[in-house]
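These notes are about the structure you will find just below.
Numbering of ligands and ligand atoms starts at 1, following listing order. Not measured: the values here are computed from a predicted model. Position 1 is the first residue of the sequence, and the numbers go up from there.
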Amino acid sequence: MKILLLGSGGREHALAWKIAQSSMLDELFIAPGNAGTRNHGKNLAFSPTDFESVKKHVLELSIDMVVVGPEEPLVMGIYDYFLGDPELRKVPVIGPSQLGAQLEGSKDFAKQFMSRHNIPTAKYATFTQETLEEGLNFLANMKGPYVLKADGLAAGKGVLIIKELEEAKSELTSMLSHAKFGNASKKVVIEQFLTGIELSVFVLTDGESFKLLPEAKDYKRIGEGDTGLNTGGMGAISPVPFADAAFMDKVHNRIIVPTVKGLKNEMIPYKGFIFFGLINVKGDPYVIEYNCRLGDPETEVVIPRLKSDILDLFEGVATNTLSERDIEFFDKSAATVMMVSGGYPEAYEKGKTIYGINSVLESIVFHAGTSSDGPSVLTAGGRVLSVTSYGRNLDAALEKTYDSIAKITFDGAYFRKDLGFDVL
Ligand code: AMP
Ligand code: GLY
């Protein structure tokens, strides 16, 4: 098969690494990719949201399947674009339809979907500029902390958790009346605050059946002990110690099955990954959010734990035969730690030369934000490298990753040294 993979982060490097191991692969292209993905295929310089370029390359290169990494092209409707084009119709896209991607693209859509299917999630109400007064009253009648969510995509920044009522009211006003998050905050979901520990669960579905992937936990805050600003993710572990069989049974029965069935019954085409952002409230799972793609950096531990041929699974998705495919995992733990640019998630510099990647032999170095300058690898983003290791347990995997990180340097490099602190 000839595969085109869309995206450029650590998630896409991990997918490229896995796809390159498939016995079914003839050629892999990544658009736009990064300095790491070029080791597994050919990088193509166009944006995943530039559908015309996607089409041109798919036709010119006789691509057999398109695998979509990030959410933007999905929310913009790349799946439907392919189906609606006579020249592209036969090329399967791994990723949901535009309507299915609304599970991530609209918090209000996701909440309504969950309430139709009795899927456990925080209680909520949705407001617009026209109903701002009701929204302010709603806040006044609830207890804090107040959870305010911009309805649309806001690059991971659209969720505010606020202690004080007055501040919550002023933020609600600025989201609805002053477009704090642009169009994304034309609607705002206000939610009950849930207390618990979070984890990420992933399935791959062909719209009929699904395969569960290993669960993972990511670390979102920049500072140790989960302090400081939110980031795109500072590292991840898999498995998650508290996700035992009893808990995962509840996740399966109360959340995954009703979600996949709900999509099918509502005739929402969905052939791709579903990411369940869950919270464990005293042993019971609740959905915090859905995403229509794999997580980053969770993918950098989940995909290395997958033993099966990923293209066999994708072919199962494309041909509605996923239930006939086997899925197997390595019985090892995996941990990844993100090396980021100094200053991230605020202002940071790019273009720093990275040294030592090739001296890492015991871990897998996934590139998240890198570019190349001849043989040199340069920093090109806030999150730069995701260093993944296997271990007989999480402690062993983390120790290996920290040993490997010690061999890599670039100007201003920062990483968290406390991964797993809350669950180990
Ligand atoms: P989201 O973008 O929906 O994942 O929200 C970002 C983060 O806000 C989540 O990872 C949680 O840590 C937190 N969060 C979101 N919703 C809630 C909630 N209802 N209760 C407590 N924390 C929440
Ligand atoms: N790690 C969280 C996300 O990918 O959205």
Side-chain angles (χ1 to χ4, degrees), residues 7 9-12 14-15 68-72 74-75 101 103-111 114 119-126 142-163 168 171 181 184-185 188-202 213 215-222 226-238 240 273-282 284-303 336-338 340 345 366 368 382-383 386 419 422:
R11 169 182 50 216
E12 286 75 25
L15 284 168
V68 186
E71 63 277 14
E72 290 91 347
L74 294 166
V75 173
L103 283 183
E104 174 165 2
S106 166
K107 304 266 187 203
D108 183 52
F109 177 94
K111 291 302 253 188
M114 286 186 267
I119 295 167
T121 187
K123 292 196 185 71
Y124 82 106
T126 301
M142 73 190 279
K143 274 198 283 173
Y146 306 91
V147 182
L148 269 49
K149 299 187 170 183
D151 178 59
L153 290 187
K157 297 188 170 67
V159 176
L160 303 177
I161 298 183
I162 300 167
K163 288 221 176 75
E171 287 292 354
F181 298 105
S185 63
V188 173
V189 170
I190 300 180
E191 259 184 36
Q192 163 203 22
F193 181 83
L194 298 175
T195 304
I197 183 155
E198 289 174 60
L199 80 160
S200 307
V201 169
F202 305 93
L213 298 171
E215 78 285 354
K217 181 174 196 325
D218 77 337
Y219 289 81
K220 290 197 173 79
R221 304 295 198 91
I222 188 73
D226 284 343
T227 55
L229 292 174
N230 252 320
T231 71
M234 297 298 292
I237 56 170
S238 178
V240 179
F273 293 102
I274 313 175
F275 171 149
F276 301 86
L278 305 180
I279 188 163
N280 175 356
V281 182
K282 298 192 182 110
D284 289 321
Y286 288 76
V287 177
I288 289 277
E289 64 166 348
Y290 285 114
N291 292 314
C292 60
R293 49 165 175 90
L294 285 174
D296 197 346
E298 291 96 325
T299 305
E300 291 93 298
V301 289
V302 169
I303 290 297
T336 198
V337 175
M338 194 67 74
V340 307
F366 291 122
R383 296 192 296 165
S386 189
L419 251 71
D422 53 344

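A distance limit of 4.0 angstrom between heavy atoms and ligand 1 selects the residues K107, A122, V147, K149, V159, I161, E191, Q192, F193, L194, E198, K220, I288, E289.
By the 3.5 Å distance cut-off applied to N or O atoms, D218 is counted among the residues near ligand 2. Considering backbone and side-chain N/O atoms, E289 never comes within less than 3.5 Å of an N/O atom of ligand 2.
The shortest heavy-atom contact between A122 and K111 is O-NZ, 2.8 Å. Among all heavy-atom pairs drawn from P297 and S386, the shortest one is CB-OG, 4.4 Å.
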Between F202 and F276, is a ring pair (Phe, Tyr, Trp, His ring centres under 6.0 Å) present by the stated rule, with each step listed? CA-CA 6 Å; F202 305 93; F276 301 86; 8.7 Å; no
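Rounding to the nearest 0.5 angstrom, the gap separating the CG atom in L74 from the CZ atom in R293 is 9.5 Å.
Counting heavy atoms under 4.0 Å from ligand 2, residue R293 touches it through the side chain alone.
In the vicinity of G295, heavy-atom distances shorter than 4.0 Å reach the ligand 2 atoms 4 (O). Atoms of ligand 2 found under 4.0 Å from any heavy atom of N291 (numbered from 1 in listed order, with element): 5 (O).
Using a distance-only test at 3.5 Å, with no hydrogens or angles considered, a donor-acceptor pair links the side chain of E104 to the main chain of C292.
You'll find the side chain of N230 reaches within 4.5 Å of the side chain of R221, heavy atoms only.
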Side-chain donor-acceptor pairs under 3.5 Å in residues 150-157, sequence neighbours left out?
| unit_1 | atom_1 | unit_2 | atom_2 | d |
| --- | --- | --- | --- | --- |
| D151 | OD1 | S106 | OG | 2.8 |
| D151 | OD1 | K107 | N | 3.1 |
| D151 | OD1 | D108 | N | 2.7 |
| D151 | OD2 | S106 | OG | 3.2 |

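Ion pairing between D284 and K282 fails under the 4.0 Å rule for side-chain N and carboxylate O.
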